[in-house]
2 protein chains.
Amino acid sequence: MTQARVITPLFEDFAKVEHHHQLACQSCALYRLCLPLGLHRDDLSKLDQIIKRSAGFKRHQILFEPASTFKTIFVVRSGSFKTTISAADGREQVTSFYFPGEFIGMDAIYQQRYLSTARALEASSICELPYERLQEFSATIPELQNQLMTRLSKEMSADKNLLLSLGKKTAQEKLISFLLSLSQRFSERGYSALSFQLTMSRGDIANHLGLAIETVSRLFTQLQEQQLLTTQGKEVTILDLPALKQRCG
Amino acid sequence: MTQARVITPLFEDFAKVEHHHQLACQSCALYRLCLPLGLHRDDLSKLDQIIKRSAGFKRHQILFEPASTFKTIFVVRSGSFKTTISAADGREQVTSFYFPGEFIGMDAIYQQRYLSTARALEASSICELPYERLQEFSATIPELQNQLMTRLSKEMSADKNLLLSLGKKTAQEKLISFLLSLSQRFSERGYSALSFQLTMSRGDIANHLGLAIETVSRLFTQLQEQQLLTTQGKEVTILDLPALKQRCG
DNA sequence: ACATTTTATTGACCTGGATCAATGCCGAAA
DNA sequence: TTTCGGCATTGATCCAGGTCAATAAAATGT
């Protein structure tokens with residue numbers, strides 16, 4: 001709870017955006033993490049004009065589903081999202097979590113329709129990038145094209161690392177790898193690397209890592225007993241980062 | 001063995017390439033599956049000039065490793081490859097298999113170095129696409145840029161589907177899904193969808209699917225007992241495709 | 001503030017697939 | 001054609017993590 005207070009200010013920065021939908025990229029708190037990074041001033045203002053800043057999403061609200069046709073890549077502006085992919089019989093796999101500055105929906109470019117379902121994990125807002133316009137712009141702005149390819153490639157790298165986790169790691173290694181990846185991403189966003197709020201449920205984490213909820217719960221208990229971290233509900237505080245890094249495989 | 005004879009002709013088409021390294025894309029047997037698809041005649045000949053057709057790779061030969069710096073995207077011309085990603089302690093996960101017309105190394109764009117190791121599964125050959133030149137060309141050939149993004153997105157889709165397999169499917173469902181994906185890809189390449197040679201070992205399959213070799217072996221036996229397919233060593237013949245599709249989850 | 005629902009924890013027990021251990025098979029080298 | 005070394009198959013046993021069941025503790029709505 002003490003930590004929640006530390007985190008609040010920046011979340012509020014992002015949240016303010018909801019009251020200024022047409023806030024320019026240049027003055028966005030996410031600038032250095034987001035698509036426009038490295039673009040020239042005038043290219044940026046062109047880009048600015050095609051970006052639609054969308055109104056807020058409520059917890060559990062759906063951003064897109066496999067049914068919907070692909071037109072847009074989404075960038076998280078505030079809050080967080082998860083994507084899930086479904087088997088024919090309804091079993092779901094949580095494929096990724098997305099935080100401010102991250103792109104959602106890039107797997108839809110091939111096939112021109114979304115492969116997964118994206119849902120808000122909390123009150124969140126996004127920017128919409130119309131993919132066709134983005135493509136047009138890319139022709140004249142090489143740096144934009146480069147950014148898009150890099151983003152695709154980055155998500156692919158993350159997916160391949162998750163494949164390694166799911167295929168070869170023990171339950172404890174999976175959870176530790178996951179927490180370290182969150183820690184890394186939070187710290188890139190200016191939050192503490194050692195203490196953060198999980199915006200997803202235990203169920204989401206378990207599903208994402210191919211584990212049962214009960215196993216995740218027991219692992220948290222176990223990691224606390226080993227003095228590696230502490231939890232209070234959704235808050236995680238890392239006590240021994242080096243030890244965790246050493247145990248993630 | 002009878003089937004091997006059916007398959008041979010096309011493999012030979014691809015193999016001939018090794019004796020004509022500078023064969024133009026326009027006359028390549030893979031044209032309709034490959035990057036140049038949809039490019040105009042003159043754009044294509046420009047692209048042709050930057051592509052290096054490489055000499056043959058032997059079975060187990062390494063195409064690239066994580067140490068090597070990224071300069072090139074590879075396209076399989078004949079044969080097949082696997083990529084593996086390693087944990088700190090040496091455990092490896094086979095992340096993908098690649099067949100003619102498929103792109104290897106796209107996860108290296110972000111970070112500008114290869115994340116994985118790529119090895120030939122059999123005698124194989126490739127085309128090298130220098131990434132920087134490709135980027136330059138993309139600026140003037142929108143269709144090329146589109147093709148690249150689509151390829152990235154396609155591999156990402158495949159990875160997400162594998163995540164679903166690894167995270168939520170039973171051993172049998174994993175193997176069936178894998179075989180159906182191979183069947184699909186072989187048929188796209190003009191081979192039989194119902195009878196094909198596995199170019200990878202049981203060990204590679206097991207590793208890829210997060211299973212033990214013994215489990216894969218038992219599953220093949222089991223699927224044969226259920227009259228769903230037959231195997232003779234590396235050759236698989238699907239007997240009941242609808243039943244398999246129904247059992248893959 | 002209270003009731004209701006959802007989410008998390010903990011314990012007892014079970015099982016799918018891993019591991020260990022032979023044995024069989026096939027292809028390359030001589 | 002024989003021998004050798006890596007693959008593949010099959011059986012016996014084991015265990016990490018799943019499932020089932022009961023609380024407990026948060027969220028959420030009224």
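For clarity, every value in this text was computed on a predicted model and none was experimentally measured. Residue numbers begin at 1 in each chain, while the letters A, B, ... track the order of the sequences.
Within the 4.0 angstrom heavy-atom criterion, only backbone atoms of the sugar-phosphate kind lie near B:Ser201; the bases stay farther away. Across all strands shown, A:Gly203 has heavy atoms under 4.0 Å from sugar-phosphate atoms exclusively, and none from any base. Using a 4.0 Å heavy-atom distance criterion, B:Lys234 is classed as a sugar-phosphate-only contact. When heavy atoms are screened at a 4.0 angstrom cut-off, B:Ala212 is found touching base atoms of the nucleic acid.
For the pair A:Leu219 CG and C:dT10 P, the computed distance is 12 Å after rounding to whole Å. As rounded to whole Å, 9 Å separates atom P of C:dG17 from atom CD of B:Glu173. The CD atom of A:Glu214 sits 12 Å away from the C1' atom of D:dA22 (whole-angstrom rounding). One can place CG of A:Leu175 at 12 Å from P of D:dG18, the figure rounded to the nearest angstrom. Note: CG (A:Asn207) to P (D:dG18) measures 11 Å, nearest angstrom. Atoms CZ (A:Arg202) and P (D:dA25) sit 14 Å apart, rounded to a whole Å. Between the CD1 atom of A:Ile213 and the P atom of D:dT19 there is a distance of 11 Å, given to the nearest Å. Taking atom CD1 of B:Ile205 as the reference point, atom P of D:dA8 lies 8 Å away to the nearest angstrom.
Of the candidate nucleotides D:dT28, C:dG17, D:dG17, C:dG17 has the atom nearest to the side chain of B:Thr215. Checking D:dA8, C:dA18, C:dT19 against every side-chain atom of B:Arg218, the shortest atom distance belongs to C:dT19.
Ring geometry for B:Phe64 against B:Phe74 counts as parallel: the plane angle stays under 30°, on a 0 to 90° scale with 60° as the upper cut.
With 3.5 Å as the limit, one finds a donor-acceptor pair spanning the side chains of B:Ser80 and B:Thr199. Inspection of the B:Thr84 and B:Ser116 side chains reveals no N or O donor paired with an N or O acceptor under 3.5 Å. Between the side chains of B:Ser195 and B:Thr237, a donor-acceptor pair is found at a separation under 3.5 Å.
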